[in-house]
**Q** 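Quick one: the structure is below, questions incoming.
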Amino acid sequence: MKIGYLFPGQGSQSIGMGKDLYDKYDLVKDTYKKVKEITNIDIANITFEGNEEELNKTQNTQLAILTMSLAILQQLEAKGIKAEVSSGLSLGEYSALIDSKAITFEDGVKIVEKRGEYMQNLVPEGEWLMAAILGMEEEKVQEVCKKANDTSKENFVVPVNFNCPGQIVVSGNKDGVELAEKYAKELGAKKVRILKTSGPFHTEKLIFASNNLRKELENLEIHKFESKVIKNLDGTIYNENDDIKDILAKHIVSPVRFSKGLKTMLELGVDTFIEIGPGKTLSGFVKKINTENPINILNINSVDTLENVIDFIETNNK
């Protein structure tokens, strides 16, 4: 069995996520406590007792998702379960880097706190949206965005997340995205879904956030990788010649090649994908990838799913 971890990004959050894990496991409680000590933000209270508006603020969302993923990892590590390779969707790449030990827990939490703060506050004025276009090929999505942009010089919408075959996320101003939604449906898209995000993420509009994060990253210490991590930037494995700080700064303004990353994991021989964190969106992406050999697709977002995964791995590793 070759295990690959998948870590979700922004948009997968919901009030109460991880509460049953927090109530049952001391290691999970300790993780939330450590994050509060590092950031002085009571992310447990925001996640479990807050309201959607507060949780959906980028500076809270990113920290909440990261904390839940790291808390689950603590439980898996305690059982001796580790991945050989991991990938995260946008924000999720930080969970993967922390799991690989390339970035320490404390440094990773601090950087994600700053990342969320900058992506929340250093966004140009205006109304911004992100939307997932389902059932449409990359070339058609490009065409839809061009048509929307050509309709008005005020419009801005571009493809940013290449999640899996048949699902591409676009990002931009409200009018541009809504017009792209209209054109996509006219050209045969199965569905267009507006996402729970608050900015034009992975576009040039976040260049100020990217530049400010770059300054924070200058002080980040990078350690030796203990497991492989896939880059969102191009879907390949981080290697020893990569400038990780530069990649993470570019991350905010560059498209996410998640679909290519999944194919890289399959090429590396991953046969058991485990999604760690809220929701099970990434598990759905894996199902859309054509594979030659049978694979296992699991997810952990609750006590029941955690225990099921532990039982599955212990049973199949005998």
**Q** Does Arg115 reach the side chain of Ile252, with side-chain heavy atoms less than 4.5 Å apart?
**A** yes

**Q** List the steps, then state whether side chain to side chain contact (heavy atoms under 4.5 Å, CB included) holds for Ile237 with Ile230.
**A** CA-CA 4 Å; Ile237 305 164; Ile230 306 293; 3.9 Å; yes

**Q** Would a hydrophobic clustering, with Ile, Leu, Val, Met, Phe, Trp and Tyr connected at side-chain separations under 4.5 Å, put Val85 with Val309?
**A** no

**Q** Looking at side-chain heavy atoms only, is the closest gap between Ile310 and Phe312 below 4.5 Å?
**A** no

**Q** Starting from Leu266, can I reach Val229 by hopping between I/L/V/M/F/W/Y residues whose side chains sit under 4.5 Å apart?
**A** no

**Q** Quick one: CD1 on Ile111 to NZ on Lys114, what's the gap to the nearest 0.5 Å?
**A** 9.5 Å

**Q** Count the heavy atoms belonging to other residues, nucleotides or ligands that lie under 6.0 Å from CD of Glu37, then report whether that count exceeds 12.
**A** yes

**Q** If only atom types and distance count, is the side chain of Asn232 paired as donor or acceptor with the main-chain N or O of Gly88 below 3.5 Å?
**A** yes

**Q** How about Phe208: does its CZ atom have over 12 heavy atoms from other parts shown lying under 6.0 Å from it?
**A** no

**Q** With distance as the sole test, does Asn60 use its side chain to make a donor-acceptor pair with the main-chain N or O of Glu54 at under 3.5 Å?
**A** yes

**Q** Counting heavy atoms not belonging to Asn290, are there more than 12 under 6.0 Å from its CG?
**A** no

**Q** Any salt bridge linking Glu117 with Lys57? Criterion: basic side-chain nitrogen under 4.0 Å from a carboxylate oxygen.
**A** no

**Q** Please step through side chain to side chain contact (heavy atoms under 4.5 Å, CB included) for the pair Val123 and Lys205, ending with a clear verdict.
**A** CA-CA 7 Å; Val123 174; Lys205 301 296 183 183; over 6 Å; no

**Q** Quick one: closest heavy-atom pair of Ser100 and Leu97, and the distance?
**A** OG-O, 2.8 Å

**Q** Is it the case that the side chain of Thr67 and the backbone of Leu63 share a donor-acceptor pair, with hydrogens and angles ignored and the cut-off at 3.5 Å?
**A** yes

**Q** Once you round to the nearest 0.5 Å, how far does CG of Asp175 lie from CD of Glu127?
**A** 7.5 Å

**Q** Check Asn301 against Gly277 and note the closest heavy-atom contact, atom names and distance.
**A** CB-O, 3.2 Å

**Q** Going from OG1 on Thr31 to CG on Leu66, what distance comes out if it is rounded to the nearest 0.5 angstrom?
**A** 10.0 Å

**Q** Over all heavy atoms of both residues, which pair between Ile295 and Val270 is shortest? Give the atoms and the distance, please.
**A** CG2-O, 4.2 Å

**Q** Whether the Thr58 and Gln10 side chains hold a donor-acceptor pair (N or O, under 3.5 Å, no angle test) is what I'd like checked.
**A** yes

**Q** Ser227 and Glu84: which non-hydrogen atoms are nearest, and at how many Å?
**A** CB-O, 3.7 Å

**Q** Charged N to carboxylate O under 4.0 angstrom, Lys174 versus Glu154?
**A** no

**Q** Could you point out which residue of Lys231, Glu93, Lys228 forms a side chain to side chain donor-acceptor pair (under 3.5 Å) with Tyr238?
**A** Glu93

**Q** Any carboxylate oxygen within less than 4.0 angstrom of a Lys/Arg side-chain nitrogen, looking at Asp246 and Lys250?
**A** yes

**Q** Donor-acceptor pair, distance only, cut-off 3.5 Å: does the side chain of Gln13 make one with the backbone of Gly11?
**A** yes

**Q** Please check if any side-chain donor atom of His202 sits under 3.5 Å from a side-chain acceptor atom of Ser90, or the reverse.
**A** yes

**Q** Where do Asp30 and Lys34 land on the salt bridge (charged side-chain N to carboxylate O under 4.0 Å, His left out) test, with the steps shown first?
**A** CA-CA 6 Å; Asp30 289 345; Lys34 285 177 190 173; over 6 Å; no

**Q** So, do Ile41 and Lys36 sit near enough that their side-chain heavy atoms are less than 4.5 Å apart?
**A** no

**Q** Rounded to the nearest 0.5 Å, how far does CD1 of Ile313 lie from CE of Met1?
**A** 6.0 Å

**Q** Locate the shortest heavy-atom distance separating Val170 from Ile133; write the atom from each residue and the value.
**A** CG1-CD1, 3.8 Å

**Q** Whether the side chain of Thr264 engages the backbone of Gly235 through a donor-acceptor N/O pair (distance < 3.5 Å, no angle test) should be reported.
**A** yes

**Q** Does a salt bridge link Lys146 with Asp150, judged by any charged N lying under 4.0 Å from a carboxylate O?
**A** yes

**Q** Hey, is Glu106 close enough to Lys110 for a salt bridge, meaning N to O under 4.0 Å?
**A** yes

**Q** Taking only Lys NZ, Arg NE, NH1 and NH2, and the carboxylate oxygens of Asp or Glu, determine whether Lys2 and Asp271 approach each other closer than 4.0 Å.
**A** no

**Q** Kindly indicate whether the side chain of Glu216, heavy atoms from C-beta on, has any atom under 4.5 Å from the side chain of Tyr118.
**A** yes

**Q** Sub-3.5 Å donor-acceptor pair from the side chain of Thr151 to the main-chain atoms of Lys147, do we have one?
**A** yes

**Q** Within the distance-only criterion (no hydrogens, no angle test), does the side chain of Thr61 pair as donor or acceptor with the backbone N or O of Leu55 below 3.5 angstrom?
**A** yes

**Q** Before you tell me yes or no, could you show the steps for Thr236 and Asp234 under side chain to side chain donor-acceptor pair (under 3.5 Å), namely the whole-Å CA-CA distance, both residues' side-chain angles and the distance that decides it to 0.1 Å?
**A** CA-CA 6 Å; Thr236 65; Asp234 60 10; 2.6 Å; yes

**Q** Taking C-beta and beyond as the side chain, do Leu262 and Phe258 meet within less than 4.5 Å on heavy atoms?
**A** yes

**Q** Does the Asn161 side chain pair with the main chain of Asn163, one donor and one acceptor, at a distance under 3.5 Å?
**A** no

**Q** Which is it for Glu240 and Phe225 under the side chain to side chain contact (heavy atoms under 4.5 Å, CB included) test, yes or no, and what are the steps along the way?
**A** CA-CA 9 Å; Glu240 59 185 19; Phe225 283 78; over 6 Å; no

**Q** Quick test of your reading of the model: are Glu267 and Lys263 salt-bridged, counting only N-O distances below 4.0 Å?
**A** no

**Q** Please round to the nearest 0.5 Å and tell me the distance separating atom OG of Ser95 and atom CD1 of Ile276.
**A** 8.5 Å

**Q** Honestly, is Lys260 close enough over Phe162, meaning NZ or CZ under 6.0 Å from the six-membered ring centre and within 45° of the axis?
**A** no

**Q** Give, for atom NE2 of His251 and atom CD1 of Ile244, the distance between the pair rounded to the nearest 0.5 Å.
**A** 12.5 Å

**Q** Quick check: are there more than 12 heavy atoms from other residues, nucleotides or ligands sitting under 6.0 Å from CD of Glu138?
**A** yes

**Q** Quick one: do Lys182 and Glu186 make a salt bridge, cutoff under 4.0 Å?
**A** yes

**Q** Determine whether a donor-acceptor pair (N or O, by modelled atom type, separation under 3.5 Å) exists between the side chain of Thr305 and the backbone of Ser302.
**A** yes

**Q** Determine whether Leu73 and Val112 fall in the same hydrophobic cluster, where Ile, Leu, Val, Met, Phe, Trp and Tyr are linked whenever their side-chain heavy atoms lie under 4.5 Å apart.
**A** yes

**Q** For a 4.5 angstrom cut-off between non-hydrogen side-chain atoms, does Met130 reach Ser171?
**A** yes

**Q** How close do Lys29 and Tyr22 get, heavy atom to heavy atom, and via which atoms?
**A** NZ-O, 2.9 Å

**Q** Does the gap between the ring centers of Phe285 and Phe273 come in under 6.0 Å?
**A** no

**Q** Is any side-chain heavy atom of Ile168 less than 4.5 Å from a side-chain heavy atom of Val160?
**A** no

**Q** Taking atom NZ as the centre, does Lys245 end up with more than 12 heavy-atom neighbours from other residues, nucleotides or ligands that are less than 6.0 angstrom away?
**A** yes

**Q** Run Met136 and Val141 through side chain to side chain contact (heavy atoms under 4.5 Å, CB included) and show every step you take.
**A** CA-CA 7 Å; Met136 184 168 272; Val141 175; 3.8 Å; yes

**Q** Would you find a donor on one side and an acceptor on the other, under 3.5 Å apart, between the side chain of Asn155 and the backbone of Ala148?
**A** yes

**Q** Can you find a pair of side-chain heavy atoms, one from Leu6 and one from Val286, that are under 4.5 Å apart?
**A** yes

